[in-house]
Amino acid sequence: MLSASRNGGILLVVWIVGCIMHPANAQTQATGGGVEFQASLINGRISLGEPLILSYTVNNPTNMTVQIDWLNEDITWSNHQRWVLPPWLAVRMQTFNGKEIECVPDLRAKYSGDSVRAFPSPSLAPGKMRNGQVVLSIWFMPPRPGRYIITVHPKLSYTAADGTSGLINSEVALPIIVDMANPAKLKQTAKQLYAQVVDKTRTMDQTRVAIDALFSVPEQVASPFWRSLLVDNPVHESSWVRCHLGRIGTESALALSRESIAAEARREAAKFTSP
């Protein structure tokens with residue numbers, strides 16, 4: 001376990017090493033180590049309403065290619081048409097005294113657009129890794145300021161090129177401090193996330209994480225930036241943005257979604273009428 005301070009916050013990084021085991025004897029650990037899982041919170045101290053983002057790395061430090069079972073992660077995203085955590089990753093949130101913070105129920109979007117989020121390769125070559133981020137504040141919203149614990153439980157099985165197999169299946173705890181809401185800070189955060197979304201140098205995954213984070217900021221703060229993404233300066237990921245508006249489900253969010261669809265139709269029609 002490694003703990004460090006960054007910009008006044010807490011960055012906690014935890015590694016879990018999965019033991020490579022021979023198929024004939026699941027209790028025998030092979031030499032050479034195994035696949036590693038590393039998790040951290042982007043910010044270990046946030047104010048109410050700020051995005052809570054988990055960063056993870058699955059690393060293969062061995063000298064063999066491994067095949068990892070992601071539990072049909074890409075199929076899960078595309079078939080459910082809803083916000084789901086990666087199927088191999090369980091997360092829960094508690095107060096420091098052990099009270100469970102309930103996960104936001106029924107995150108099915110009212111817009112049934114493309115919601116495929118990941119096509120992870122089943123193969124991880126020697127020395128290679130898979131990095132990812134999950135905006136946890138879509139599922140977990142701290143109800144008040146205080147200290148909380150995010151518990152992350154990956155469950156990943158893998159097989160090495162020589163036939164040995166292993167499993168990562170352990171819980172790790174990440175502390176988070178939540179301060180009182182700071183409207184000025186929230187607005188600045190929303191502005192920064194908007195800039196990340198419209199930055200054309202970022203990858204699709206990076207852009208979608210920024211969209212997820214922006215749409216976890218309270219509507220009363222972030223709605224001007226939402227409008228800009230859909231109406232004033234529409235982005236390529238507009239269908240994903242509308243999925244978020246359907247998830248939020250307020251009258252104003254759904255009205256913005258309808259307005260953006262109408263504006264998009266007008267832009268398409270103009271392509272055929274322009275001289």
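FYI, the numbering just counts along the sequence from 1.
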### Query
Would you say the side-chain atoms of Thr57 and Asn59 include a donor-acceptor pair closer than 3.5 Å?
no

### Verify same cluster id: Ile42, Ile149 (apolar side-chain graph, 4.5 Å)
no

#### Entry: side-chain contact (heavy atoms from CB on, under 4.5 Å) assessment of Arg242 paired with Ser260
CA-CA 8 Å; Arg242 284 196 289 269; Ser260 73; 3.3 Å; yes

### Nearest-0.5 Å distance that lies between atom OG1 in Thr250 and atom CG in Leu256
9.0 Å

### Query
Between the side chains of Ser228 and Tyr194, does any donor sit under 3.5 Å from an acceptor?
yes

### Query
With a 4.5 Å limit on heavy-atom distance, are the side chains of Ile138 and Asp212 in contact?
yes

### Message
Check whether Asn60 reaches the backbone of Leu124 with its side chain - one donor and one acceptor, N or O, closer than 3.5 Å.
### Response
yes

### Distance-only side-chain donor-acceptor flag, Glu264 / Ser238, under 3.5 Å
yes

### Task
Side-chain contact test, heavy atoms from C-beta onward, threshold under 4.5 Å: evaluate it for Asp179 versus Pro145 and give yes or no.
no

### Task
Decide whether Met129 and Leu89 are clustered together by the hydrophobic rule: side chain heavy atoms of Ile, Leu, Val, Met, Phe, Trp, Tyr closer than 4.5 Å, transitively.
no

### Task
Say whether, by atom type as modelled, one donor and one acceptor occur between the side chain of Asn182 and the main chain of Lys185 under 3.5 angstrom.
yes

### Task
Mind running side chain to side chain donor-acceptor pair (under 3.5 Å) on Gln196 and Thr207 for me, showing each step along the way?
CA-CA 7 Å; Gln196 292 175 18; Thr207 298; over 6 Å; no

### Message
Looking at Glu171 and Arg92, is there a salt bridge between them, counting it only when a charged N and a carboxylate O are closer than 4.0 Å?
### Response
yes

### Query
Does a side-chain heavy-atom distance below 4.5 Å link Val152 with Leu54?
yes

### Query
So, do Tyr158 and Trp70 have ring centers that fall under 6.0 Å from each other?
no

### Query
Going by heavy atoms in the side chains, are Pro122 and Asp69 under 4.5 Å from each other?
no

### Message
Is there a side-chain contact between Val134 and Ile53 in this structure, where contact means two heavy atoms from C-beta onward sitting under 4.5 Å apart?
### Response
no

### Query
Of the non-hydrogen atoms in Ile168 and Glu36, which two are nearest, and what is the gap between them?
CD1-C, 4.1 Å

### Task
Under the side-chain contact (heavy atoms from CB on, under 4.5 Å) rule, what do Val35 and Leu156 come out as? Steps first, then yes or no, please.
CA-CA 9 Å; Val35 173; Leu156 286 172; 5.9 Å; no

### Query
Take atom CD in Gln67; do more than 12 heavy atoms of anything else shown fall under 6.0 Å from it?
yes

### Message
How long is the straight-line distance from NZ of Lys187 back to CZ of Phe225, given to the nearest 0.5 Å?
### Response
6.5 Å

### Message
If we check side-chain contact (heavy atoms from CB on, under 4.5 Å) with Phe215, which of these qualifies: Val197, Leu229, Val135?
### Response
Leu229

### Task
Working to the nearest 0.5 Å, report the span between CG of Asn169 and CZ of Phe37.
12.0 Å

### Task
Could you tell me which non-hydrogen atom of Leu254 sits nearest to which non-hydrogen atom of Leu245, and how far apart they are?
CD2-O, 3.9 Å

### CG on Leu41 to CD on Gln133, rounded to 0.5 Å
11.0 Å

#### Entry: Inter-residue atom distance Glu50.CD - Leu193.CG, 0.5 Å rounding
9.5 Å

#### Entry: Heavy-atom donor-acceptor pair, Ser137 side chain to Leu52 backbone, under 3.5 Å
yes

## Note on the structure
Closest non-hydrogen contact found for Arg130 with Trp88 is NH1-NE1, 4.0 Å

### Query
With the 4.5 Å side-chain cut-off for hydrophobic clustering, are Leu85 and Leu71 part of the same group?
yes

### Heavy-atom pair with the smallest gap, counting every atom of Met141 and Ile101
O-CG2, 4.0 Å

### Message
Taking atom CD as the centre, does Glu251 end up with more than 12 heavy-atom neighbours from other residues, nucleotides or ligands that are less than 6.0 angstrom away?
### Response
no

#### Entry: Check: Gly163 main-chain N/O paired with Thr159 side-chain donor or acceptor under 3.5 Å
no

### Ser216 OG to Ile248 CD1 distance, which is reported to the nearest 0.5 Å
9.0 Å

### Query
Does Gln206 use its side chain to pair, donor to acceptor, with the backbone of Thr203 at less than 3.5 Å?
yes

## Note on the structure
Looking only at heavy atoms, the pair that brings Val91 and Phe140 closest together is O-CZ, 3.3 Å

### Task
Measure across Thr151 and Gln94 and return the closest heavy-atom pair with its distance rounded to 0.1 Å.
OG1-OE1, 4.3 Å

### Positive for side-chain contact (heavy atoms from CB on, under 4.5 Å) with Trp226, one of Val217, Val241, Ile211, Leu214
Leu214

### Task
With the side chain counted from C-beta on, respond yes when Glu100 and Met93 share a heavy-atom pair under 4.5 Å apart, and no when they do not.
no

